Each structure stands twice: as C-alpha cells, then as structure tokens.
Asker: 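Quick one: structure below, then a few questions.
Sequence lines set the chain letters: A, B, ... in the order given, protein chains first and strands last, and positions in each chain run from 1. Computed from a predicted structure; not experimentally measured.
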Amino acid sequence: MIMSHYDPLKIEEKWQKRWEEEKPFAAKDNDNRPKMYLAEMFPYPSGAGLHVGHVRNFSIVDCLARFYTQQEMNVLRPFGYDTFGLPAENYAIKTGIAPQDVTKTNIDNFRKQAKRLGYAIDWDREINTSDPAYYKWTQWCFLQLFKKGLAYQAENYQWWCPVDQTVLANEQVENGCCWRCGHEVEKKKMKQWFFKITAYADELLDEIDNLDWPDKIKTMQKNWIGRSEGAEIDFEIKDHKETVRVFTTRPDTLFGATFLVLAPEHPLITKITTEDARKAMTQYCKDAIKKSEIERQENKEKTGVFTGAYAINPATGKEIPIWVADYVLSGYGTGAIMAVPAHDDRDYDFAEKFDLPIVKVIEKPEDIEDDSKCYHGEGTIINSGAFNGIETAEARDGITDWLEKQGIGHKKVTYRMRDWLISRQRYWGCPIPIAYDKNGKPHAIPEDQLPVLLPKIDDYKPDSSGRSALAKSEEFMKVTIDGEEMTRETDTLDGYACSSWYLWRYTDPHNDKEAWSKEKVNYWAPTDVYCGGDHAVAHLLYIRFWCKFFADEGYLDFREPVKKLLYNGYINAPDGKKMSKSKGNVIDPLDVINSGYGADTLRTYELFIGPYNQDAAWSTEAIGGVYRFLNRCWSLVFDKEMIAESKTVSLRHKTIKKVTEDIYRANFNTAVAAMMEFVNELYKTGAAKDDVVALAKLIKPFAPHLACEMLEKLGSDDVWPKWDDALLVEDSVEMIVQVNGKLRARIQIPAEDAADKAKLEEYAKADAKIASMIADKEIIKTIVVPQGKLVNIVVK
RNA sequence: GCCCGAGUGGUGAAAUUGGUAUACACGUAUGCCUUAGGAGCAUAUGCCUUCGGCGUGCUGGUUCGAGUCCAGUCUCGGGCACCA
C-alpha cells in the first residue's frame with residue numbers, strides 16, 4: 001500500500017489561512033457563557049524574533065485557551081508587545097534608525113512568527129506600549145497617582161559620569177568606573193520621580209497568602225517587602241539641640257546600647273563632627289558614598305570613623321559615642337542605629353574592632369545551646385534597672401511604652417521595600433506628563449492635552465545636561481498650561497509602568513475616551529490565568545500595587561489582578577546551558593517548523609518536554625518522538641481502516657479523564673503521555689470512529705492544525721469529550737498478592753470482585769505459588785486487605 | 001550565613017490519599033518491510049543472577065506495607081544577603 005503522508009506544513013498553512021479569514025478567536029464582550037481570561041506576559045519584540053522560550057510560554061496559554069473554548073467558555077486570549085526600552089534606543093544611537101521604525105519592523109516579524117504557530121489569539125485586541133493611543137493612558141494613570149500624592153519627587157543619589165556627563169544605571173558601573181569611557185564615577189544627588197508603593201506595603205504583604213501563585217514567587221515577594229516591627233527612639237546629643245532618631249526591632253536591648261552608628265549619607269554628620277575628626281570624616285563619607293551597594297556588601301570587614309560627639313542613652317543616662325560606618329544603610333529605617341554589641345553580630349564586630357564597651361542585657365535560657373559570640377534569641381532581661389527579670393518579648397512592649405511616656409520613642413513598622421524609582425533619563429520611553437513653572441514647581445499636564453507625544457528626533461544620545469535627549473527638542477520643551485508658559489519634564493517612565501495596566505487595556509483596547517471601561521474590565525478581569533517565566537518581584541508586584549490603587553479610586557472592582565499564576569521554566573540549549581547568540585547554541589523555532597516538523601510538533605514537544613515549571617534542555621532527538629506520535633494520530637484517520645466497534649472503550653474514557661484533569665492541573669507533559677498510550681493501544685486493537693474523534697478533540701489544545709484536519713475528515717465538532725465513570729472499569733482487573741509487603745503474585749479477577757475483601761483473600765490463597773508459601777498455616781500472623789485489588793499476607 | 005526547592009534507569013521523566021517503582025518518550029538492540037533508509041511497523045531494554053536477591057542520594061525510625069511520613073546527614077539548584 002502506498003502510504004499517504006502527514007504533511008504538517010501544508011495542513012498548517014490551510015488552517016492558519018482559514019483562522020485569519022474567519023477570526024474564530026474573537027472574544028465577545030457580551031456573552032452568557034462563563035468567561036475565561038488568559039494571558040502570557042507580553043513579549044519585548046527583539047530583532048532576533050521569537051525564540052523557543054516564547055513558544056513554551058505562549059503554548060501553555062494557548063493550550064488552556066483552546067481547552068476552555070472547547071469547554072464552551074467565553075475565552076479572552078489577547079496578545080501585545082512591550083516595546084519601550086533600552087535595546088531599541090541603543091540600536092538607534094548606533095545606527096540612527098528611529099526606535100519607532102525598528103519597533104514596527106520587529107512587531108511585524110513577531111506577529112508573523114506567532115501566526116505560524118497557530119495561536120488562538122484575538123488579533124483585533126493587539127496592543128503596543130509605545131503606540132501613542134496606548135501611552136496616552138499610561139500618562140493618564142501616572143496623573144491619577146500624581147493627584148493622590150502617590151507620584152512624587154525626591155532627591156536621590158545617582159551614579160554620574162563626569163566625562164560623559166550622564167547618569168548611569170547601577171549595571172553600567174564597572175569597578176567604580178563608567179562602562180563607556182572608563183572614568184571614575186561619582187554619586188550625585190538628583191531629583192527623581194517615585195511611585196509610593198510603600199503606601200500599600202501592608203496589603204501587598206497580607207494578600208500574598210491568599211494568592212493561587214507558586215510558593216517561590218510568594219516567598220520572594222514577602223522577602224522583598226520585608227516587614228519589620230520595632231520602635232523608633234530619639235537620642236539626645238550632648239551639647240547639640242538636635243536628636244538622632246534610630247530604628248530598632250529590639251527595643252528590649254536599649255540598656256545594652258553602648259554607641260550609635262550613622263550611615264555615611266546621614267545629614268547630621270556635618271553638624272556634629274568635631275574639628276579634630278572632620279578631615280578623616282569627610283574622606284570616609286566621600287569614599288563610602290562612592291562605593292557601590294555591591295562593594296559595600298562584599299567587604300564585610302567593618303570600617304568607621306568616630307564623630308567626636310556623644311549621645312545620651314535615655315535608659316542608662318550614660319554618654320555613648322556616635323560613630324559613622326557604612327554597614328548602616330541610609331535607605332532603611334532612619335539611616336541610624338543604636339548598637340547593642342552584646343546581642344548583634346554586626347555591632348559586636350564593630351565594637352571589637354574599635355574597642356567599644358559591650359554590655360550584656362539578656363540571659364539566655366539554660367536549655368538553649370548557643371555558643372555564638374553574641375546571643376540574639378529570647379531570654380530574661382538583666383542589667384536593665386526596673387526591667388530586670390522579665391522576658392524579652394514583654395520588655396519590648398514595656399520599654400517602648402516607657403519611651404512613649406517620655407515622648408522620645410514609639411512603635412514603628414519598617415519595610416525593606418523602597419518606593420519605586422520611575423524616572424529614566426532616556427529617550428525611548430513614555431514621557432512623564434508634567435511641566436514646571438518658573439519656580440520649578442511641577443504641574444500635571446491637563447488630561448485634554450494628553451498624550452504628551454514623544455517627538456521624533458535625530459540624535460538620541462543623552463546630552464551634557466544629564467537629561468534625556470528630549471531636552472534638545474525646543475518644540476517639545478515649551479508648553480502652555482492655563483495661559484502660563486512652562487517647561488516639560490524630560491524624563492521618561494520606567495518601562496514597568498507601561499506594563500502595570502496592560503491586562504486591563506486588553507479588555508477594552510480601542511477605547512479613546514478612557515483607559516478602560518468599568519463594565520468591560522469588571523466582566524473580564526481579574527485575569528484567570530497569567531503565565532510567564534520572569535519578573536517574579538518587580539512586574540508582579542507593580543501590577544498588584546496599581547490594581548489596589550485603581551480599586552481605591554473606583555476604576556476596578558477587584559484588588560488582585562491575577563487569580564492563578566503559572567511560572568514556567570526556561571528552555572536551555574541541549575548542553576543545559578542558557579541559549580545565547582554569542583555561544584551560537586540558539587534553537588530557532590521557525591527553523592524547527594520549516595525543517596518539516598511543523599508548529600504542532602513544536603508546540604506539543606515543548607509541552608511534553610517536562611513539568612511546565614521546570615527548566616528543560618532542548619533535545620533534537622526527543623522532538624522526533626513527538627512528530628512520530630502526531631504522524632500516528634494522522635495515520636489513524638487518513639491511512640488505516642477503521643474498525644466497526646471500539647475495543648478500547650475503557651481506555652478511551654480513562655484517557656479523556658486523565659487529559660482533562662491534567663490540563664486543569666497544568667500537567668501538560670503527562671497529558672501528552674496519556675494520549676500516546678491511547679494511540680499505542682489503538683495501533684494494537686484497531687481504532688473505531690469514536691476512538692479517533694475523542695483523540696482529535698483531546699489533541700486539539702496541543703496540535704490544533706492536525707486536530708482540525710482530523711475532525712474535518714471525521715465530520716465532527718470539537719466539543720470537549722466527557723468521560724463516564726461507569727465505563728472506566730474493565731471486565732477483569734489484576735490483583736496483587738504480597739507476602740510481607742513483597743510482590744509475590746498477580747492474579748486476574750473479575751472486576752466485580754475487586755471490592756470484596758473476603759473474596760480477594762480467597763483468590764490469594766488459591767494461587768499455587770502463594771499456597772505453597774503458606775502451606776504451614778501456623779506461620780501466618782495476619783492478612784491485610786486494605787482496599788480493592790491488594791492482599792498482603794504477613795508471615796513469621 | 002539565612003530561607004525555600006530538588007535528588008528515581010544510559011537520558012528527559014511518571015507514580016494525583018502511604019498500596020504493583022521506573023508510565024510516556026529519547027537512546028540502544030533485534031526482526032519485518034524496503035533497490036535503499038537518518039522512513040514506517042513489531043519486539044526487547046533497572047542491576048546482579050542458577051533458584052533467587054538488590055534497587056528511588058546516604059543512615060536510622062514509624063507502618064502489614066515508604067519514592068511518598070518522621071529524625072539526622074550529604075549533594076545540587078534557586079532566592080535573600082551588613083535591612084538593625
């Protein structure tokens with residue numbers, strides 16, 4: 001017989017053309033069916049095009065989208081592009097080609113490639129963050145935050161290269177030098193824009209436990225927010241009217257505070273440093289501030305300089321020296337600490353190095369073993385006047401209350417999370433919709449003047465002002481608000497701002513009156529399943545923050561943007577290393593398709609490669625196995641004679657159950673395995689029409705083109721098949737006989753006897769091999785029949 | 001240093017409530033078909049062996065029964081890392 005041939009490229013072209021014309025994936029805003037909103041983290045459309053990592057990510061979402069569509073739900077599965085950012089700007093600086101033009105080329109390429117994969121995308125909802133019709137509303141979002149005081153300006157130290165006269169990102173500073181010119185960089189105080197994410201710190205933290213998200217991400221977010229409860233305490237400074245405020249989580253150790261330490265950036269340093277210390281202090285602070293965060297953390301050898309000034313410990317009344325050291329961070333708490341060397345490792349190291357007094361104030365319980373140099377656990381308070389003898393936990397409240405009565409301390413909650421710095425001195429970003437009057441006061445651009453358009457310019461390089469290239473456009477800079485001439489802000493927004501609300505824009509992407517309509521957003525959102533493999537903290541925290549803010553403002557009826565998060569692993573090169581252009585080990589999905597495998601094989605392979613949330617190495621051999629499997633599916637319909645009556649009814653129902661439940665659990669790899677088992681069996685027994693119809697429906701979320709081709713030939717719809725529990729059972733089942741927990745016999749028994757424990761025992765004893773093992777009845781201690789299908793005989 | 005995960009064949013991995021360890025796939029071997037095959041189909045494939053025994057990183061424990069639960073330990077991966 002001449003075999004016809006499974007030709008994926010031909011089949012896929014046919015169905016993609018049909019989907020392009022008929023738009024079967026358009027989501028309906030008014031629909032009685034239950035809704036299902038699925039999205040992946042939208043890609044940055046790089047010049048390199050789609051890679052196999054995108055394919056894994058998109059294929060997971062597509063599998064779910066098609067699965068729920070076949071379950072007759074109203075599915076929204078949109079697509080878009082995160083287009084602002086450094087690569088396009090650097091490319092423009094190098095080549096002079098406008099980022100707008102590069103971006104358009106890249107998007108066109110991404111779209112074309114995504115269509116080759118046959119995704120069930122509602123293409124009419126496509127969005128692009130650098131499109132003025134989109135970023136108009138990013139600017140609107142900024143203004144809502146600005147109006148509520150949650151977008152604000154503050155002075156902040158930034159890296160500054162005095163030769164290039166530009167601000168540098170932390171990653172652009174190498175060994176204290178500029179990555180471009182190699183000159184030593186400095187830290188410069190600059191005014192920057194921030195979003196006050198800390199205003200939502202408590203809710204962002206408390207809601208984490210209720211999220212259906214991977215524990216890994218939840219833990220990372222908790223650590224990132226880093227809530228600490230403690231107290232702020234004011235220390236008087238001898239011979240000065242100023243006080244030093246410190247934050248501590250251990251107010252119970254106040255009597256053991258034998259010195260204070262200020263961060264090198266602390267504003268009081270210049271005021272209180274004595275003449276003799278001044279020179280050394282200036283040098284120390286200058287050096288410390290210059291050091292990068294990384295350098296400050298790498299070298300844990302304690303350094304510091306004494307100010308010459310003394311504070312008064314309010315508990316003991318004693319004078320204690322005030323030091324400056326870079327182990328105290330300016331950005332956390334108050335930038336100053338009370339040092340308790342007896343009960344804190346860092347303070348202990350410092351005290352030992354500079355020969356400062358160590359006073360023990362906690363006696364550890366006798367049953368606790370702890371031979372470290374200083375004890376930081378709980379215990380009984382000593383050397384603390386009226387507080388002696390009480391437990392540390394109690395003393396934390398007691399001492400805080402006492403401080404509060406004196407008016408020199410209070411309870412305080414502090415977060416490790418800082419406010420979100422959003423201004424970028426870059427051209428290729430969303431302009432911040434702000435203008436400054438003559439006095440430098442910021443004003444919101446009126447909403448009817450939005451969008452603030454990003455002008456096309458010739459030279460994208462930042463200029464000597466340290467501002468973005470926008471400052472060079474005189475036309476852009478001038479603006480009139482309420483008859484007053486003002487100057488525009490030249491910073492652009494962090495790209496993460498653009499992606500903090502796109503999930504809501506998808507629900508109403510063409511709205512030119514508002515960012516989204518309340519009706520549409522509350523019908524579709526929150527997103528039911530969101531899938532990505534990156535941005536564990538930043539993006540996934542920012543969308544939660546904006547969701548809570550816009551819920552407070554009445555624009556959303558929900559406070560968490562994503563119900564279920566699927567965090568997929570990476571696809572690595574066959575050797576297990578990261579794929580990268582420079583290593584030359586990149587697998588191009590289009591090459592895989594065009595080599596003859598087709599998109600269905602690629603998609604199914606990437607879902608079969610392993611658990612979706614685990615990294616996987618590409619295998620050029622294993623993908624062939626998936627192709628063979630699809631080929632066998634195809635042959636069942638197009639090559640083989642069908643049999644009249646199915647011989648695999650029970651397995652068919654088992655397979656339907658397994659695949660359905662596996663997709664709900666996101667166990668895509670075992671769902672594919674179950675279908676392979678089913679096909680292998682059909683090859684042995686022959687396949688009836690019911691068998692292949694079920695198979696085609698089950699395989700559609702994985703290999704949609706092939707499935708459509710099969711269903712068309714079979715004249716079937718694609719409605720998701722159901723299983724019948726009664727049909728899962730086969731006529732005869734295998735029972736297991738163990739002796740002392742070890743497998744000794746397998747016996748075929750009628751299925752209806754499987755639940756009858758007495759009968760199972762009889763079968764077991766009747767088996768020749770078992771009978772010989774227990775011929776001497778004396779040795780039987782007990783017989784355990786825990787449930788259907790298993791007997792364990794325990795012998796002496 | 002602290003906090004999480006994970007260790008199962010030659011390889012990627014299954015085992016969903018404590019109940020047949022290694023499903024499915026790759027690779028390998030053999031056969032069939034073929035002018036030919038890097039195609040297709042079929043069979044076999046944890047280890048040692050004569051019966052039989054041993055096997056889920058290692059050492060113990062609980063249990064009639066442990067990959068799964070408990071204690072300890074080793075290794076690898078990830079996150080945080082002077083946050084007071």
Asker: Please list each protein N or O that sits under 3.5 Å from an N or O in nucleotides 20-25 of chain B, with the distance.
Answerer:
| residue | atom | partner | partner atom | Å |
| --- | --- | --- | --- | --- |
| B:U20 | O2 | A:R746 | NH1 | 2.5 |
| B:U20 | N3 | A:E734 | OE1 | 3.3 |
| B:A23 | O2' | A:E677 | OE1 | 3.3 |
| B:A23 | O2' | A:E677 | OE2 | 3.1 |
| B:A25 | OP1 | A:N680 | ND2 | 2.9 |

Asker: Between A:W634 and A:Y627, is the ring centre distance below 6.0 Å?
Answerer: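 Between A:Y627 and A:W634, which both carry aromatic rings, the centre distance is not below 6.0 Å.
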
Asker: Round to the nearest Å and state the distance from A:N223 atom CG to B:G5 atom P.
Answerer: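 Spelled out: CG on A:N223 to P on B:G5 is 13 Å.
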
Asker: Mind calculating the distance between CG (A:N631) and P (B:G40) to the nearest angstrom?
Answerer: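 Interatomic distance, CG of A:N631 to P of B:G40: 7 Å.
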
Asker: Hunt down the Watson-Crick or G-U wobble partner of B:G12, both distances under 3.5 Å, from any strand shown, or write none.
Answerer: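 The answer is B:C24, by the H-bond criterion.
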
Asker: Starting at CG of A:L630 and ending at C1' of B:G40, how long is that distance when rounded to a whole Å?
Answerer: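 So the CG-C1' distance, A:L630 to B:G40, works out to 16 Å.
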
Asker: Any side-chain N or O of A:R416 less than 4.0 Å from the OP1 or OP2 oxygen of B:A81?
Answerer: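 Checking A:R416 against B:A81: no side-chain N or O falls below 4.0 Å of OP1 or OP2.
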
Asker: Please report the distance separating the P of B:G57 from the corresponding atom of B:A15, rounded so that it comes out in whole Å.
Answerer: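 It comes out at 16 Å once rounded to the nearest Å.
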
Asker: Which value, in whole Å, describes the distance between the C1' atoms of nucleotides B:U28 and B:A36?
Answerer: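 Between the two C1' atoms, the distance is 23 Å.
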
Asker: Relative to the 5' end of RNA chain B, which residue comes earlier, A:D344 or A:G610, by the nucleotide with the nearest heavy atom?
Answerer: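 It is A:G610 whose nearest nucleotide is closer to the 5' end.
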
Asker: Take the protein atom NZ of A:K222 and the nucleotide atom C1' of B:C2, then report the distance between them rounded to whole Å.
Answerer: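 Answer to the nearest Å: 16 Å.
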
Asker: Measure from NZ or CZ of A:K360 to the centre of the six-membered ring of A:Y375, then state whether that distance is under 6.0 Å and the direction lies within 45° of the axis.
Answerer: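 Geometry flag: not set, cation outside 6.0 Å or 45°.
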
Asker: Let me know the distance between CG of A:N740 and P of B:G53, rounded to the nearest Å.
Answerer: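 Spelled out: CG on A:N740 to P on B:G53 is 12 Å.
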
Asker: Nearest 0.5 Å, what's the CG-CD1 distance between A:N792 and A:I736?
Answerer: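 Spacing of CG (A:N792) from CD1 (A:I736) equals 11.5 Å.
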
Asker: Indicate whether OP1 or OP2 belonging to B:A84 is found under 4.0 Å from a side-chain N or O atom of A:Y327.
Answerer: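 It does not, given that no N or O in the side chain of A:Y327 lies less than 4.0 Å from OP1 or OP2 of B:A84.
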
Asker: A cation-pi test, strictly: NZ or CZ of A:K302 under 6.0 Å from the centre of the six-membered ring of A:F354 and no more than 45 degrees from its axis. Yes or no?
Answerer: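 Output no; distance or angle outside limits.
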
Asker: Go through A:F259 and A:F350 one step at a time and tell me if the ring-ring contact (aromatic ring centres under 6.0 Å, His included) criterion holds.
Answerer: CA-CA 10 Å; A:F259 57 100; A:F350 195 83; 5.7 Å; yes

Asker: Determine which nucleotide pairs with B:U50, using a 3.5 Å limit on both distances of a Watson-Crick or G-U wobble pair.
Answerer: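 Base partner found: none.
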
Asker: Given that both distances must come in under 3.5 Å, which nucleotide forms a Watson-Crick or G-U wobble pair with B:A71?
Answerer: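 B:A71 is paired, partner B:U59.
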
Asker: In whole Å, I'd like the distance from the CG atom of A:D215 to the P atom of B:G79.
Answerer: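 In whole Å, B:G79 P and A:D215 CG are 17 Å from each other.
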
Asker: Using only side-chain N and O atoms of A:Q614, determine if any of them is under 4.0 Å from OP1 or OP2 of B:A13.
Answerer: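 The answer is yes; a side-chain N or O of A:Q614 sits under 4.0 Å from OP1 or OP2.
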
Asker: Using purine N1 to pyrimidine N3 plus N6-O4 or O6-N4 for Watson-Crick, or N1-O2 and O6-N3 for G-U wobble, each under 3.5 Å, what pairs with B:G5?
Answerer: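 Paired with B:C76.
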
Asker: Salt bridge check, A:K222 against A:D209: does any charged N sit closer than 4.0 Å to a carboxylate O?
Answerer: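 A:K222 and A:D209: salt-bridged.
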
Asker: Do A:N680 and A:R632 have a side chain donor and acceptor closer than 3.5 Å?
Answerer: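 Per modelled atom types, A:N680 and A:R632 side chains form a pair under 3.5 Å.
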
Asker: Figure out the CD1/P separation between A:I217 and B:G79, and round it to whole Å.
Answerer: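 Value for this atom pair: 11 Å.
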
Asker: Please report, rounded to the nearest Å, how far the P atom of B:A13 is from the CD atom of A:E621.
Answerer: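 Value for this atom pair: 15 Å.
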
Asker: Taking all atoms of both residues into account, what is the closest heavy-atom pair of A:A339 and A:D347, and its distance?
Answerer: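 Looking at all heavy atoms of both residues, the shortest contact is CA-OD2, 3.3 Å.
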
Asker: Go through B:A84, B:C41, B:G53 for me and flag the one nearest to the A:R744 side chain.
Answerer: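 Nearest listed nucleotide: B:G53.
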
Asker: Please classify the nucleic acid contact of A:T248 as base, sugar-phosphate, or nothing, using heavy-atom distances under 4.0 Å.
Answerer: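 The residue A:T248 makes sugar-phosphate contact but no base contact.
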
Asker: Would you mind telling me which residue lines up with the more 5' stretch of RNA chain B, A:R665 or A:T249, judged by nearest nucleotide?
Answerer: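 So the residue in question is A:R665.
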
Asker: Using a heavy-atom cut-off of under 4.0 Å over every strand shown, decide if A:S228 touches base, sugar-phosphate, or nothing.
Answerer: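 Sugar-phosphate contact only.
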
Asker: Which one is paired to B:A42, where only Watson-Crick or G-U wobble pairs with both distances under 3.5 angstrom count?
Answerer: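 B:A42 is paired with B:U30.
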
Asker: Identify whether any heavy atom of A:I609 sits under 4.0 Å from a base atom; if not, whether one sits that close to sugar-phosphate; answer base, sugar-phosphate or nothing.
Answerer: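 Counting heavy atoms under 4.0 Å across all strands, the contact made by A:I609 is with sugar-phosphate only.
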
